[in-house]
Amino acid sequence: MIAFIGSVFSPYYAWRGRRDPDDHVCINVALYGPSGHRWTMTERGRSAMRRDATQFRVGPSQLVWHGDRLTIDFDEVAVPRPPRQWLPERVAGRITLVPHAITNRAFDIDAEGRQRWWPIAPSGDIALEFSRGAMPDWSGHGYLDSNWGETGLENTFERWDWARGEMANGESVILYDTERRDGSRGFLVLHFDRNGRIVERDEVPYTKLGRGFWGVGRGAHADPGHVPVLVETLEDGPFYLRQTVDTVLFGQKVRLMHESFSGRRFASPIVKAMLPFRMPRRAHYSG
């Protein structure tokens, strides 16, 4: 599992009053495997960033479009994750994603259209090759999306549960269940075929799955008569959970990559003060 984000969760960006986002950039790589998990999320300043129509570089890592494929070269330092990883560890390699299709539709995920989400490539073929990091190379199915907004996530959302799964015949499903700070609720159930065509499905029943270690709530969805099952917790933080979930949707068994976010927790000054332990900042880059 690999995630790439910019300044959306940056405490440094929040402390500066959300000014100058180009000075708060990072490429976050989250890896989960039998030999252990790795988490890299080093924020860098404006001098470390380069971008144009096909490339986005932050320090030693970059994303580049080459025709029909996206390549991600990463060379980052994973923060300690006791008890299996006590010291920082460098991980480096290349990810190649070949989308099955590119969609042309973005969705509002708040009530006012100030928070947007685009499922760019609902499915694709992905390969991961390591040059450093003592993790096995891997290939399988992948996914690409993008979020952006005009205000902080904590100002908009009480919580959300998001999930994405690969189904039979190259189809995929994405669920986005949001509760907003204004009291409204949003729900997307999107069924994609291999060509990226979208069918919006009706709301699916929601089941609570139990809180994480830090008390963040989570829940998942399943067809009537079925109950989603928590398989493994991958990230358990004071405002965010990531896990895998087995469920049944549209009559098919599917394993979901699932995340749960608490906007109220993320808004806490105490929580933001904890984030530098997982997101160190290196303002200057001379590479």
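Predicted model only: the values in this text are computed from it and were never measured.
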Around Asn104, counting heavy atoms of other residues, nucleotides and ligands shown, do more than 12 lie under 6.0 Å from its CG? no
Any donor-acceptor N/O pair, Gln115 side chain to Asp108 backbone, under 3.5 Å: no
Shortest non-hydrogen pair, Ala168 vs Gln252, comes out as N-OE1, 3.1 Å
Would Asp20 and Arg46 satisfy salt bridge (charged side-chain N to carboxylate O under 4.0 Å, His left out), going step by step from the backbone distance to the final call? CA-CA 9 Å; Asp20 196 7; Arg46 176 187 295 276; 2.3 Å; yes
Look at Glu259 together with Arg159 and state whether they make a salt bridge at an N to O cut-off of under 4.0 Å. no
Any sub-3.5 Å donor-acceptor pair from Arg164's side-chain atoms to Pro122's backbone N or O? yes
Does any non-hydrogen side-chain atom of Val245 lie less than 4.5 Å from one of Pro228? yes
When you check the gap from the basic side-chain N to the acidic O, do Asp22 and Arg51 get nearer than 4.0 Å? yes
Under the side chain to side chain donor-acceptor pair (under 3.5 Å) rule, what do Thr96 and Arg94 come out as? Steps first, then yes or no, please. CA-CA 7 Å; Thr96 302; Arg94 168 170 284 192; 5.2 Å; no
May I ask you to test the Leu275-Phe239 pair for a side-chain heavy-atom distance under 4.5 Å? yes
Per side chain to side chain contact (heavy atoms under 4.5 Å, CB included), Gln243 is matched among Leu256, Leu230, Val231 by Leu230
Go through the side-chain N and O atoms of Arg44 and Thr42 and say whether any donor and acceptor fall under 3.5 Å apart. no
With a distance cut-off below 6.0 Å to the six-membered ring centre and an angular limit of 45° from the axis, does Arg278 pair with Trp39 as a cation-pi contact? yes
Going through the checks in order, is the salt bridge (charged side-chain N to carboxylate O under 4.0 Å, His left out) test met by Glu76 and Arg90? CA-CA 6 Å; Glu76 301 287 339; Arg90 185 170 293 279; over 6 Å; no
Is there a donor in the side chain of Thr233 and an acceptor in the side chain of Arg218, or the other way round, less than 3.5 Å apart? yes
Among the clusters formed by ILVMFWY side chains lying less than 4.5 Å apart, do Val199 and Val254 turn up in the same one? no
Mind checking whether Met274 and Met279 sit in one hydrophobic cluster, side chains of I, L, V, M, F, W, Y counted as touching below 4.5 Å? no
Determine, stepwise, if the pair Arg185 / Asp177 fulfils side-chain contact (heavy atoms from CB on, under 4.5 Å). CA-CA 8 Å; Arg185 184 163 180 249; Asp177 185 346; 2.8 Å; yes
Tell me whether the guanidinium CZ or amine NZ of Arg197 lies under 6.0 angstrom from the six-membered ring centre of Phe192 and within 45° of its axis. no
Give a yes or no answer on whether the side chain of Glu179 reaches the backbone of Arg181 with a donor-acceptor pair at less than 3.5 Å. no
For Trp15 and Lys272, work out which heavy atoms get closest and say how close. CZ2-O, 3.6 Å
Atom of Asp145, atom of Pro119 and distance for their closest heavy-atom approach: CB-CA, 3.9 Å
Over all atoms of both residues, closest heavy-atom pair of Ser146 and Ile120: CB-CD1, 3.9 Å
Stepwise salt bridge (charged side-chain N to carboxylate O under 4.0 Å, His left out) test for Asp23 and Arg281: CA-CA 11 Å; Asp23 199 42; Arg281 178 172 168 85; 3.3 Å; yes
Inter-residue atom distance Glu232.CD - Arg242.CZ, 0.5 Å rounding: 12.5 Å
Side chain Trp160, main chain Phe157, donor-acceptor under 3.5 Å: no
Can you check side-chain contact (heavy atoms from CB on, under 4.5 Å) on Phe56 and Trp65, steps first, answer last? CA-CA 9 Å; Phe56 177 65; Trp65 278 105; over 6 Å; no
Regarding Glu43 and Ser10, is there a side-chain donor-to-acceptor distance under 3.5 Å anywhere? yes
Give the minimum heavy-atom separation between Arg38 and Val91, together with the two atoms involved. CG-CG1, 4.2 Å
Pairwise distance CG(Leu128) to CG(Leu97) - rounded to 0.5 angstrom: 12.0 Å
Once rounded to the nearest 0.5 Å, what's the spacing between atom CE of Met257 and atom CZ of Arg255? 9.5 Å
Does CZ belonging to Arg16 count more than 12 external heavy atoms closer than 6.0 Å? yes
Strictly by modelled atom types, are Ser61 and Asp75 linked by a side-chain donor-acceptor pair under 3.5 Å? no
Centroid-centroid under 6.0 Å between His24 and Tyr12 rings: no
Kindly say whether Val77 contributes a backbone atom to a donor-acceptor pair with the side chain of Glu89 at under 3.5 angstrom? no
Check whether any side-chain N or O of Arg19 sits under 3.5 Å from a backbone N or O of Tyr13 as a donor-acceptor pair, and report yes or no. no
Straight-line distance of Met167 CE to Asn169 CG, nearest 0.5 Å: 10.0 Å
Under the side-chain contact (heavy atoms from CB on, under 4.5 Å) rule, what do Leu190 and Glu200 come out as? Steps first, then yes or no, please. CA-CA 5 Å; Leu190 306 180; Glu200 295 191 52; 3.7 Å; yes
Do the side chain of Ser268 and the main chain of Ile270 share a donor and acceptor less than 3.5 angstrom apart? yes
His221 and Phe187: aromatic ring centres closer than 6.0 Å? yes
Could you give the distance from CG (Asp73) to CG (Leu63), rounded to the nearest 0.5 Å? 9.0 Å
If only atom types and distance count, is the side chain of Asp125 paired as donor or acceptor with the main-chain N or O of Val98 below 3.5 Å? no
Kindly work out whether a path of hydrophobic side-chain contacts (I/L/V/M/F/W/Y, heavy atoms less than 4.5 Å apart) joins Tyr176 to Phe261. yes
If Ile, Leu, Val, Met, Phe, Trp and Tyr residues are connected whenever their side-chain heavy atoms lie under 4.5 Å apart, and connections chain through other members, are Val58 and Phe74 in the same group? yes
Could you go through Ile126 and Ile95, starting from their C-alpha distance and side-chain angles, then the distance that decides it, and tell me whether this counts as side-chain contact (heavy atoms from CB on, under 4.5 Å)? CA-CA 7 Å; Ile126 195 168; Ile95 303 153; 3.6 Å; yes
Which atom of Trp117 lies closest to which atom of Trp162, heavy atoms considered: CZ2-NE1, 4.0 Å
Between CG on residue Asp223 and OG1 on residue Thr247, distance to nearest 0.5 Å: 7.0 Å
Indicate if Leu188 and Tyr206 have the same hydrophobic cluster label, given that clusters are the connected sets of ILVMFWY residues with side-chain heavy-atom separations under 4.5 angstrom. no
Can we call the ring centroids of Phe107 and Trp118 under 6.0 Å apart? no
Sub-6.0 Å ring centroid separation between Phe266 and Tyr240: no
